[in-house]
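Letters A, B, ... are given to chains in the order of the sequence lines, protein chains preceding strands, and every chain is numbered from 1.
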There are 2 protein chains.
Amino acid sequence: MPTINDVAKRANVSPVTVSRVLNGAPNVNDMTRLRVNRAIAELGYVPNIVARSLRSRRTRSIALILPDITNPFWPTVARGVEDAAQRDGYTVLLCNSDENAQKQARYLEAVISQQVDGVLIAPANSDAANLAPLRDRAIPTVVIDRRVDGWDGDAVRGDSVGGAELLTRHLIELGHRRIAMLSGPATTSTSQDRFAGYQAALQRAGIPLDPDLVRFGEFRQGSGAEMTHAVLALQPAPTAIFAANNAIALGAIQAVGERGLQVPQDVALVCFDDVSPSAQLFPFLTVAEQPAYQMGLEAARLLFARLDEGDAHPPRLITLPVRMIVRYSCGSGRGESILSLPLPHTAVVAA
Amino acid sequence: MPTINDVAKRANVSPVTVSRVLNGAPNVNDMTRLRVNRAIAELGYVPNIVARSLRSRRTRSIALILPDITNPFWPTVARGVEDAAQRDGYTVLLCNSDENAQKQARYLEAVISQQVDGVLIAPANSDAANLAPLRDRAIPTVVIDRRVDGWDGDAVRGDSVGGAELLTRHLIELGHRRIAMLSGPATTSTSQDRFAGYQAALQRAGIPLDPDLVRFGEFRQGSGAEMTHAVLALQPAPTAIFAANNAIALGAIQAVGERGLQVPQDVALVCFDDVSPSAQLFPFLTVAEQPAYQMGLEAARLLFARLDEGDAHPPRLITLPVRMIVRYSCGSGRGESILSLPLPHTAVVAA
DNA sequence: TTGTAAGCGTTATCAT
DNA sequence: ATGATAACGCTTACAA
C-alpha cells in the first residue's frame, strides 16, 4: 500500500503538499497539483483514513442506530441518511439494535470507540440514561422517530399522535365502535403517542375506552399475530384493528387468516407506516404513512448542520407530517384507488 | 476523552500495561489488572480504535457491499453477517451499491481507505475488473451470491441453476407450456444461472424455447411489472411466469392485477427468493428459497477463517442448497399449506 | 511481570 | 507556495 510519502517522493514535493492537494487546499501551484495528482494516479494511492482521523480528530463518519433492519421502514430511513451522507462525504455506520437496550449500549460504545463524529439514533426505549455515553462525551446526536424523556437535543419525528387520531377517526367514521389498538413496547414513545391519538379520537367520538382492546407488545409480525388472536377471542370481538406499525399489521392479517376470517370483510384494519414495497398488493389497507426517506434525510442534515455549527443554535425539533392513504377496492377486489390526504393539523415545527 | 495515558497515570502503571489489560494479555499481575480495570471504569475510558488500528494495521472491521438494501433478502443476509461478526468482535460496514457498478467502485475505494480487514461483496455484475482494487491490494474477499468471471477466490452462493430448474419443472408438471422467464440484468450471474436452469427444464420436457418469453431487466418490482405487462400482451400470452427474484415477482403480481387478472387463477407464478416478511400473505406463491441468513453467516465465517489463516488454504466455494416451497391454497382461498422439499441434487461443496 | 522507545500515516503549526 | 517538525493514541519490539 503506497503512502503519502511515496506519492511525495514521486512528485518531488513534501508530504505536506500532497496532503494539501488531497484536501483541496487553495494555496497550491497548479503545476504542483498536476504533478501530485499524476503521482497519485500512477501509484493507485488511496489515503489512509485511519491515520487521517487520528491526526485530524475527525473521522467524517456517523453512526446510524436503528431498531429493526428487517422492517422495510428502517432501510428506507437508512437510504435517506446514506444519500445525505454521501453528498457531504460522510460514511455511515449502520447498527441494528434489535429493539434491545443492551445491544444498543454495546453499539454505542463501539461507535464511540470508532470515533464517529456524530450519531443518529432511534432509541430502543425512551430512557435518557441510555444515551448518557453520548451526552457525557458531547457527541452530536440526533434522535430519530422517538422521544426520549428529558432529552432536549436535535430530533426528527413523525406526527404519531396526529396520525393515530386520524386513522382511528377514519375507522369511527366507517361505523366501528369496538376498535382494538395493537401497539409496540409501552416504553417507546411511538407506542405511547399512537395510543394517545387513538384515545383522543375515541374520546372525541364519545366512545368509552375498553382496556381489553388495548395491547402493548412488540413492533414485530409475531407479536402482532399474538395480540390479534387475543383480541379476536374476546366477546364481543372488535370489528376493527388499529396496528401501531406495519409489522404488527402484517401479523394481524396473518392471524385474521388463521382464524378463517378476512381483512377487510370480517375485520377492518389500519396501520401506521406503509407495508412497502408490497403496499400495492394490499389495496384494502389504509395506512398513516410517515415519510421514512425524508426522515432519514432531514435527520442527517440536522446532524451535519450541528457538526458544522457546534452549539451555536439551540436544539431543533422537526416534526414531519404524516399522510393518511385510504385504500379501498371496488367490485371484484382488483380495483385500486388511493386517496391521499395531507394532514391538516401537522406541520414542520422548528422549536 | 480520557486516553490510555490517563488510565496509566491513575493506575500507576505504564501505558503498555494498560494496553496489555485491554487486550487480555496473559502476563499481567492480577492486582495490577484490577487497578487498571478500576481506573478504566472510573474514567469511563473507551479505547480509541482509530489509534489502535493505525498502529496495529488491523481495524477488526469488514465491509459488506450489497446491491439492494430495500429487498428483504439482503437485510437477512446482513443479519447473518452481523451475528457472525459480533461473535468474532468485528464491525461491519454496510454499503448499498444499488446494483450500480460506479457506486460500488466508490464504496470499494471508501472501504479500502477505511482499512477494512476484509470485504464481503455481492457484486453489481460479473466483471472481475470491478474487483481489481481488492485483488491488487490482496484484501481478503468473499464473493456472495454471484459468480465473477475469472475470479477464483472464496465464494458463497445459492444453487441458482438447480433452483430454477426445479421451479420450472414444477410449472411444467402443472401443465404449463408457455412459461415466461422474467429475469434481472443479463450481466449478473444469478440472472444467467436461473435462465440456464429454466432452459434446461424446458429442454428436458421437450418444450422449445420462445425468445419472446424471456426478458432481462432489473431485480426490482417496477421492472418486474413492466416485463409482465410486456409478456402478457403477447399472443398467445404465457400461462405461467417464473420471476428470477422476489421483487420481480411482486411486480408481476402488481401488473397481473393491473390487467384485471389474478394470480394464480389466471396466471401461475413462481419465483426465486422468498417474499418475506410478507410470505404468509401470498399462500399461492411457490418459491425457491435461498438460505439468506445462512449465506451471510457462512460468508462471514469464510472471511474470518481467511483472515486467520492467510493464504494457507486454496479458495473455497460454498454452494448452499435451495429449497422449493410449494404453496397452494384450498377451498375459500384462506387455507395455507406449505410443502417443503430438500433439493436432491445440490450439496455443500468444498472445492 | 513491567517498562522504554519507536513508529503506524496523516495533518496542525509554524516557519520560510 | 512549500517545507520541517511534531503530534494524534495506541501497540510492537526489545530490554530489564
Side-chain angles (χ1 to χ4, degrees), chain A residues 1-37 39-40 43-61 89 91 109-117 137, chain B residues 1-37 39-40 43-61 89 91 109-117 137:
Chain A
M1 288 267 229
T3 74
I4 202 172
N5 292 295
D6 301 325
V7 176
K9 274 177 204 145
R10 182 175 259 262
N12 269 312
V13 294
S14 76
V16 187
T17 302
V18 179
S19 175
R20 289 196 180 102
V21 172
L22 288 172
N23 295 287
N27 49 344
V28 177
N29 185 292
D30 280 351
M31 279 301 295
T32 311
R33 188 184 301 276
L34 215 70
R35 285 214 314 284
V36 169
N37 279 325
I40 288 174
L43 291 172
Y45 166 76
V46 176
N48 183 327
I49 290 211
V50 172
R52 169 180 294 172
S53 302
L54 176 59
R55 179 61 243 227
S56 67
R57 305 168 129 310
R58 298 190 326 157
T59 54
R60 285 199 90 75
S61 68
T91 301
E109 182 166 327
V111 301
I112 288 170
S113 196
Q114 300 268 2
Q115 313 292 117
V116 294
D117 294 342
R137 290 176 177 73
Chain B
M1 288 266 229
T3 75
I4 202 172
N5 292 297
D6 301 327
V7 176
K9 273 177 204 145
R10 182 175 261 261
N12 269 312
V13 293
S14 78
V16 189
T17 302
V18 179
S19 174
R20 290 196 179 101
V21 172
L22 289 173
N23 294 288
N27 49 345
V28 177
N29 185 291
D30 281 351
M31 279 302 295
T32 311
R33 189 184 301 276
L34 215 71
R35 284 214 315 283
V36 169
N37 279 326
I40 288 173
L43 291 173
Y45 167 76
V46 176
N48 182 328
I49 289 210
V50 172
R52 169 181 293 172
S53 302
L54 177 59
R55 177 62 240 231
S56 66
R57 304 167 102 18
R58 296 190 328 156
T59 54
R60 284 199 92 74
S61 67
T91 301
E109 182 167 326
V111 301
I112 288 169
S113 196
Q114 299 269 1
Q115 313 293 115
V116 293
D117 293 343
R137 291 176 175 73

Practice prompt. For the pair B:L22 and B:I40, evaluate side chain to side chain contact (heavy atoms under 4.5 Å, CB included) and give the outcome as yes or no after the intermediate values.
Written response: CA-CA 9 Å; B:L22 289 173; B:I40 288 173; 3.7 Å; yes
Discussion item. Run A:R10 and A:D6 through side chain to side chain contact (heavy atoms under 4.5 Å, CB included) and show every step you take.
Written reply: CA-CA 6 Å; A:R10 182 175 259 262; A:D6 301 325; over 6 Å; no
Item to complete: Verify side-chain hydrogen bond (donor to acceptor under 3.5 Å, both in side chains) between A:Q114 and B:T91, making sure each step is shown before the conclusion.
Response: CA-CA 10 Å; A:Q114 300 268 2; B:T91 301; 3.2 Å; yes
Item to complete: Go through the steps for A:N48 and A:T3 under the test side chain to side chain contact (heavy atoms under 4.5 Å, CB included), then give the verdict.
Response: CA-CA 8 Å; A:N48 183 327; A:T3 74; over 6 Å; no
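Note that CD1 of B:I4 and CZ of B:R52 are 8.0 Å apart. Values are rounded to the nearest 0.5 Å. Rounding to the nearest 0.5 Å gives a distance of 11.0 Å between CZ of B:R33 and CZ of B:R20. Rounding to the nearest 0.5 angstrom, the gap separating the CZ atom in B:R55 from the CZ atom in B:R57 is 8.5 Å. Rounding to the nearest 0.5 Å places OG1 of A:T17 at 11.0 Å from CG of A:N12.
Of the side-chain N and O atoms in B:R57, one or more sit less than 4.0 angstrom from OP1 or OP2 of C:dG9. Residue B:Y45 has no polar side-chain atom (N or O) positioned under 4.0 Å from OP1 or OP2 of D:dG9.
No side-chain heavy atom of A:I49 sits less than 4.5 Å from a side-chain heavy atom of A:T59.
Checking side-chain atoms of A:N23 against main-chain N and O of A:A25 turns up no donor-acceptor pair under 3.5 Å.
For the pair A:D6 CG and C:dC8 P, the computed distance is 11 Å after rounding to whole Å. Atom pair A:N5:CG and C:dT10:P shows a separation of 7 Å (rounding to whole Å applied). Protein atom CG of B:L22 is 12 Å distant from nucleotide atom C1' of D:dG9, rounded to whole Å. Nucleotide C:dG9 holds its C1' atom 13 Å from the CG atom of A:N23, rounded to whole Å. Atom CD in A:Q115 sits about 18 Å away from atom P in C:dT10, given to the nearest Å.
End-to-end axis angle for the helix from C:dT1-D:dA16 to C:dT16-D:dA1, using five pairs per end and rounding to 10°, comes out at 30°.
Contact check of residues 48-56 of chain A against DNA chain D (heavy atom, cut-off under 4.0 Å) returns A:L54, A:R55.
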Atom pairs, N/O to N/O, protein against nucleotides 1-4 of chain C, distance under 3.5 Å?
residue: C:dT2; atom: OP1; partner: B:T32; partner atom: OG1; Å: 2.4
residue: C:dT2; atom: OP2; partner: B:N29; partner atom: N; Å: 2.8
residue: C:dT2; atom: OP2; partner: B:T32; partner atom: OG1; Å: 3.4
residue: C:dG3; atom: OP2; partner: B:S14; partner atom: N; Å: 2.9
residue: C:dG3; atom: OP2; partner: B:S14; partner atom: OG; Å: 3.2
residue: C:dG3; atom: OP2; partner: B:T17; partner atom: OG1; Å: 2.7
residue: C:dG3; atom: N7; partner: B:R20; partner atom: NH1; Å: 3.3
residue: C:dG3; atom: N7; partner: B:R20; partner atom: NH2; Å: 3.4
residue: C:dG3; atom: O6; partner: B:R20; partner atom: NH2; Å: 2.6

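Counting heavy-atom neighbours within 6.0 Å of B:R137 CZ, excluding the residue itself, gives a total above 12.
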